[in-house]
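Start at 1 and go down the list; that is how both ligands and their atoms are numbered.
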Amino acid sequence: MKKLIVLLTLLVIAVGCKTEEKTSEEKQQNEFAIIIHGGAGTILKKNMTDETEAAYKAKLEEAIKVGHSILKNGGSSGDAVVKTIQVMEESPLFNAGKGAVFTHDETNELDASFMDGKTQNAGAVAGVKDIKSPIEAARKVMTHSDHVMLSGTGASIFAKEQGLEIVEPSYFYTERRFNSLQRIKKKEKTELDHDDKKAAFYDADIKNSKFGTVGCVALDKSGNISAGTSTGGMTNKRWGRIGDAPIIGSGTYANNKTCGVSSTGWGEYFIRGQVAYDISAQMEYQQKTLKEATKDVIQNRLTKLGGTGGVVALDKKGNMSFEFNTAGMYRASMNDKGKLVLKIYKE
Ligand code: ASP
């Protein structure tokens, strides 16, 4: 009997805590807010110099402040998402736009998507080689075509017709990413030669260079959520491989009723798990909070599938969530009071 009473008391306390957590998430937390990522993966402090760490942090801060000031001045979440992502696309630090990883054929093939949470309209481009800003092209597909996704040369023709900037494919070249590809190719060769020692040496390096996608989710003063993601995909990809970043529901999702999400990680698993949409669906159909839904999808469902990576997400109340199952994720958020959170490693 005593045991039963203790058990019941514990249950009441647990339910009480949960309800408290829910009520605090249900209050309007922020009139507007913005959250970004610059990729997740084996990002370890021991592999990072102080200068590199400072450079990443400075660029994340520069990017998020661009979006934050748009939102603060009453601009739309869509503009905030595109302008913020463009800062990261133009930086060689991230695997998006300039600095994108290389394919097996030593080209850069970029994917991006954008979604508007108010209309649930969306746009995406996949496997593009000469559009300077894939995220801008993705949004244009949404606003200026009858389609959701355009790929390859067709997407370039559309972008040109829309007056977007077209660049020489060499614009995307960076020595660092090119060298990563060469190391991976060497590892493939080493593996064929069965040299385990060398293979282990290249392994750590490859894990570090695999990811680096960028993404942003924003809530504006009108209560509209937008989300976007832009990437070069995965180093050494072949055969026109397309990842999750341009797939609505996997790499990007936005719905004013629930949340906005941008993903980063091993794309194949994010497609199979429909990660971004699953977070929204859990909130809509199971009344989960943003925190509960992001945690379940990343730490439970994605992890069980064998996938690695993370998401940044934000709900209609301005709650924000970073969730990842990797060693690190470049990430930042800013609320309506201008409070900046800037992190790289797991804590
Ligand atoms: N998700 C991207 C892809 O699989 C890679 C990344 O996030 O770094 O293409």
Side-chain angles (χ1 to χ4, degrees), residues 35-43 56 60 85 88-89 91-104 107-115 124-129 134-135 138 149 151-152 172 174 176-177 180-181 184 205-217 227-253 261-279 294 297-298 302-303 305-313 322-331 344:
I35 188 163
I36 63 173
H37 69 76
T42 319
I43 308 162
Y56 272 106
L60 286 170
I85 288 182
M88 295 189 281
E89 283 182 337
S91 162
L93 288 173
F94 303 100
N95 171 20
K98 185 162 186 67
V101 298
F102 279 84
T103 66
H104 186 78
T107 57
N108 305 103
E109 294 178 8
L110 314 163
D111 301 333
S113 65
F114 176 92
M115 187 157 181
V125 291
V128 296
K129 294 181 179 166
I135 191 65
M149 190 191 287
S151 69
F172 300 107
T174 54
R176 170 183 166 218
R177 300 294 190 190
S180 293
L181 175 71
I184 290 191
D205 188 48
I206 286 156
K207 274 185 187 147
N208 281 332
S209 64
K210 227 173 197 171
F211 304 128
T213 294
V214 305
C216 176
V217 188
T229 310
S230 181
T231 190
M234 288 174 86
T235 310
N236 203 28
K237 63 184 182 182
R238 306 173 86 159
W239 309 301
R241 179 263 187 191
I242 306 289
D244 60 317
I247 312 283
I248 297 301
S250 301
T252 301
Y253 196 72
V261 182
S262 171
S263 314
T264 176
W266 197 323
E268 278 68 10
Y269 293 92
F270 281 72
I271 296 173
R272 288 166 54 198
Q274 281 295 290
V275 164
Y277 176 69
D278 196 10
I279 292 169
T294 50
V297 171
I298 298 301
L302 178 73
T303 306
L305 271 184
T308 48
V311 292
V312 293
F322 301 116
E323 195 70 53
F324 53 100
N325 66 0
T326 46
M329 178 165 81
Y330 299 106
R331 59 199 188 278
I344 299 179

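- To the nearest 0.5 Å, atom CG of residue Asp111 and atom CD1 of residue Ile247 are 8.0 Å apart.
- In terms of polar-atom proximity, defined here as any N/O pair under 3.5 Å, Gly212 does make such a contact with ligand 1.
- The shortest N or O to N or O distance between Gly243 and ligand 1 is not below 3.5 Å.
- For ligand 1, the polar-atom distance check finds no N/O of Trp266 at less than 3.5 Å from any of the ligand's N/O atoms.
- Annotation for Ala276 and Thr252: closest pair CB-C, 3.9 Å, computed over non-hydrogen atoms.
- Considering each of Gly265, Ala245, Ser262, Gly233, the one bringing a non-hydrogen atom nearest atom 2 (C) of ligand 1 is Gly265.
- With a heavy-atom cut-off of 4.0 Å, Arg241 touches ligand 1 through its side chain alone.
- Annotation for ligand 1: atoms under 4.0 Å from non-hydrogen atoms of Asp244 are 1 (N), 2 (C), 3 (C), 4 (O).
- Ligand-side atoms of ligand 1 in range of Thr264: 6 (C), 7 (O), 8 (O), range being under 4.0 angstrom from any heavy atom.
- Close contacts between ligand 1 and Met234 involve ligand atoms 4 (O) [criterion: under 4.0 Å to a heavy atom].
- Residues Asp244 and Ser263 have side chains that never bring a donor and an acceptor to within less than 3.5 angstrom of each other.
- The heavy atom nearest to atom 8 (O) of ligand 1, considering only Thr213, Asn95, Ile271, is found in Thr213.
- Below 30°, between 30° and 60°, or above 60°: for Tyr330 and Phe94 the angle between ring planes is above 60°, a perpendicular geometry.
- Considering backbone and side-chain atoms together, Thr231 places no N or O closer than 3.5 Å to any N or O of ligand 1.
- Taking only nitrogen or oxygen atoms, main chain and side chain alike, Glu268 does not reach within less than 3.5 Å of ligand 1.
- Residue Lys98 places its NZ atom among more than 12 non-hydrogen atoms of other residues, nucleotides or ligands, all under 6.0 Å distant.
- Residue Ser230 comes nearest to Glu89 through the heavy atom pair OG-OE2, 2.7 Å, listed as atom of the first residue, atom of the second, then distance.
- Looking only at atom types and distance, the side chain of Thr326 has no donor-acceptor partner in the side chain of Thr308 under 3.5 Å away.
- Using modelled atom types and a 3.5 Å distance limit, the side chains of Glu109 and Thr103 yield no donor-acceptor pair.
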